[in-house]
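Structure record follows, encoded as structure tokens.
What you see is a predicted model, and the numbers here were worked out from it, not measured in a lab. Atom set for the values below is all heavy atoms of this structure, side chains included, hydrogens, waters and symmetry mates excluded. Indexing begins at 1, ligand by ligand and atom by atom, following the structure's order.
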Amino acid sequence: MRVDSITLRKLNMRLKAPFETSFGTTYDRPILLVELESEGLTGWSEVTSGEGPFFNSESVDISWLVLREFLIPLVLGKCLAHASDVPQIFSNIRGHEMARAGIETALWDVEAQRSGLPLWKLLGGTQQEIPCGVSLGLQASPEKLLEKVAVEVAAGYQRIKIKIKPGKDLAYVSAVRKAHANIRLSVDANSAYTLDDVEHLRSFDDYHLLMMEQPLWWDDIYAHSKLQKQIKTVLCLDESIPHLRNAQTAIELGACGIINIKLGRVGGHASARDIQAYCRAERIPVWCGGMLESGVGRAHNIAVSTLPGYTLPGDVSASARYWVEDVIEPEVTVTPQGTIRVPQSPGLGYHVRRDLIERRTVEKQTFRAS
Ligand code: OSB
Ligand code: MG
């Protein structure tokens, strides 16, 4: 696969409703798309960085700079046998996993098209229907949260995750558990607590949660291992796992019993697959996380979720929960059983709506091999 050209586009996409986490509120989601041309084929991917360095150290503008100055020059005009060769080419770049994933995952789309296979099959996926959950942002009151939960439970979603932070936690969890005794319920703190909160975090044990996601510092696996020894609720790591080695460290230290795999956060499909294979061998369940993606990122997440070991419902849900109009066709829809049926055509399996993308584009740059 020769990399003939790469086009970066920044889109401004308005979320249907603001999404609040312990680190801030997103109203408009800047979306960074990568379009990679290779010998007549076009691969698409999404760089999942946020508007600022709040989830990890990346942001859409930082990723753009790293792509332009460092990553794109390393692949432009090069011939690659496999998309899985990209991590080696980028091995001198530290961090910036989301930017790296932008190139790597676009090449996987190209490789799948060249092979005449749906991307999920090329990755080794086996599940043709994936279980789905939703992530609900922080709400103004437990009553407001209950309204949102009722809608998603009625839609069939198999797991409800609610965001928490100090002052907006137990009352919300207890209200949801009281109204829905048997749903699969989890919480995500996005690093809002410290080890001084162990007693408080132990009181979540009463609500038989499926998991508690990333309660402590984003970069501290050891602290999570100390917490896990003192509470019953199974911990799940998100922010702390940018690559396989941290997954191994976390499992060996007993810092979590579940891992959330995000394609961008781990640097692409090859790294995500390494973590999936390791967790499967260690019998650690995994699920696919979300970053409020447009349809392009969502399509990649669907492909990821088909691999063995993705036994828990992911944060991969219907396009219509986020966007008035998504950038792919058909939009992602969820069955009344709370599943997504995977596409069967080669590559990503969805048509990318270049017309809509152009209309939403606020910045664009094309890099061509000479
Ligand atoms: O921690 O999983 C997270 C959104 C932005 C940043 C971090 C997270 C999230 C979500 C939303 O929980 C998942 C989604 O619906 O895409
Ligand atoms: Mg999370």
Side-chain angles (χ1 to χ4, degrees), residues 13 15-32 46-60 63 97-98 130-139 145 148-149 151-152 155 157-165 185-193 209-219 224 234-242 246 250 256 258-266 286-302 304-305 312-323 326 332 334 338 340:
M13 301 259 295
L15 285 167
K16 273 188 178 173
F19 190 83
E20 184 176 349
T21 64
S22 62
F23 58 75
T25 307
T26 302
Y27 299 88
D28 292 305
R29 177 79 171 97
I31 296 280
L32 175 42
E46 180 164 341
V47 177
T48 60
S49 322
E51 62 270 50
F54 313 126
F55 169 79
N56 63 6
S57 61
E58 305 185 75
S59 79
V60 161
S63 297
E97 286 80 11
M98 290 172 169
I130 60 166
C132 305
V134 294
S135 171
L136 294 173
L138 290 162
Q139 303 295 321
L145 176 61
K148 301 262 176 194
V149 171
V151 170
E152 307 299 2
Y157 284 103
Q158 298 185 19
R159 184 227 59 201
I160 306 292
K161 153 174 145 183
I162 65 176
K163 295 289 188 181
I164 54 167
K165 69 174 185 182
L185 180 63
S186 66
V187 293
D188 186 357
N190 292 108
S191 304
Y193 299 89
L209 300 176
L210 186 58
M211 72 192 88
M212 175 185 287
E213 192 177 336
Q214 198 75 40
L216 306 176
W217 302 275
W218 68 286
D219 59 352
H224 284 90
V234 177
L235 296 183
C236 169
L237 291 179
D238 176 358
E239 283 89 329
S240 292
I241 312 294
N246 273 15
C256 64
I258 297 174
I259 287 183
N260 162 344
I261 298 181
K262 285 182 179 165
L263 201 45
R265 195 199 67 225
V266 305
V286 300
W287 53 280
C288 181
M291 289 296 293
L292 310 173
E293 286 93 344
S294 80
V296 171
R298 198 166 301 279
H300 277 281
N301 288 345
I302 291 169
V304 168
S305 307
L312 296 170
D315 279 346
V316 184
S317 57
S319 300
R321 292 190 59 251
Y322 305 83
W323 318 111
D326 202 349
V332 174
V334 168
I340 293 173

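Close approach of ligand 1 to Ser135 is summarised as follows: ligand atoms under 4.0 Å from at least one heavy atom of the residue are 10 (C), 11 (C), 12 (O), 13 (C). Taking every heavy atom of Asn190 and a limit of under 4.0 angstrom, the matching atoms of ligand 1 come to 1 (O), 3 (C). Counting the atoms of ligand 1 from 1 in the order shown, those under 4.0 Å from a heavy atom of Lys262 are 1 (O), 2 (O), 3 (C), 7 (C), 8 (C). Numbered from 1 in the order shown, with element, the atoms of ligand 1 that lie under 4.0 Å from a heavy atom of Glu213 read 2 (O). Of all atoms in ligand 1, numbered sequentially from 1 with element shown, those under 4.0 Å from a heavy atom of Lys163 are 1 (O), 2 (O), 3 (C), 8 (C), 9 (C), 10 (C), 12 (O). Atoms of ligand 1 found under 4.0 Å from any heavy atom of Asp238, numbered from 1 in the order shown, are 1 (O), 2 (O), 3 (C). Close approach to Met291 involves these atoms of ligand 1, each under 4.0 Å from a residue heavy atom: 6 (C), 7 (C), 16 (O).
For the atom pair Leu32 CG and Glu58 CD, the distance stands at 10.5 Å (nearest 0.5 Å). How far CG of Leu210 is from CD of Gln158: 11.5 Å, rounded to the nearest 0.5 Å. Once rounded to the nearest 0.5 Å, the distance linking CE of Met98 with CE of Met291 reads 4.0 Å.
Qualifying side-chain hydrogen bond (donor to acceptor under 3.5 Å, both in side chains) partners for Asp188, counting only residues two or more places apart in sequence or in other chains: Lys161, Lys163. In terms of the side-chain hydrogen bond (donor to acceptor under 3.5 Å, both in side chains) criterion, Gln139 has no residue partners (sequence neighbours excluded). With sequence neighbours excluded, the residues that form a salt bridge (Lys or Arg N to Asp or Glu O under 4.0 Å) with Glu152 are Arg321.
Closest of all the heavy-atom pairs between Leu312 and Trp287 is O-CB, 3.4 Å. When all heavy atoms of Arg298 and Leu292 are compared, the closest pair comes out as NH2-C, 4.3 Å. Across every non-hydrogen atom of Leu237 and Ala250, the tightest pair is CD1-CB, 3.7 Å.
For atom 4 (C) of ligand 1, the closest non-hydrogen atom on the protein side is Phe19 CE2, 3.7 Å. Nearest non-hydrogen protein atom to atom 14 (C) of ligand 1 is Tyr322 OH, 3.3 Å. Looking from atom 13 (C) of ligand 1 to the surrounding protein, the closest heavy atom is Gly290 O, 3.4 Å.
Ligand 1 lies out of reach of Gln214, whose nearest heavy atom is not under 4.0 Å from it. Heavy-atom distances between Thr21 and ligand 1 stay at or above 4.0 Å for every pair.
A donor-acceptor pair is defined here as one N or O able to donate and one able to accept, closer than 3.5 Å; such a pair exists between the side chain of Arg265 and the backbone of Ile241. The main-chain N or O of Leu216 is found under 3.5 Å from a side-chain atom of Ser191 such that the two form a donor-acceptor pair.
Under the 3.5 Å distance criterion, with hydrogens and angles disregarded, no donor-acceptor pair is assigned to the side chains of Glu213 and Ser186. Side-chain contact check for Ser240 and Gln214: at least one donor-acceptor pair (N or O, by modelled atom type) lies under 3.5 Å. Counted by atom type alone, Tyr322 and Ser294 present zero donor-acceptor pairs between their side chains at under 3.5 Å.
Where the criterion is an N or O separation shorter than 3.5 Å, residue side chain and backbone included, Leu292 meets it with respect to ligand 1. Polar contact with ligand 1: present for Lys161 (N/O pair, distance under 3.5 Å). Residue Asn260 has no N or O atom closer than 3.5 Å to an N or O atom of ligand 1.
Under 4.0 Å from ligand 1, not a single heavy atom of Val134 appears.
Protein N/O/S atoms nearer than 2.8 Å to the Mg ion (ligand 2) total 3.
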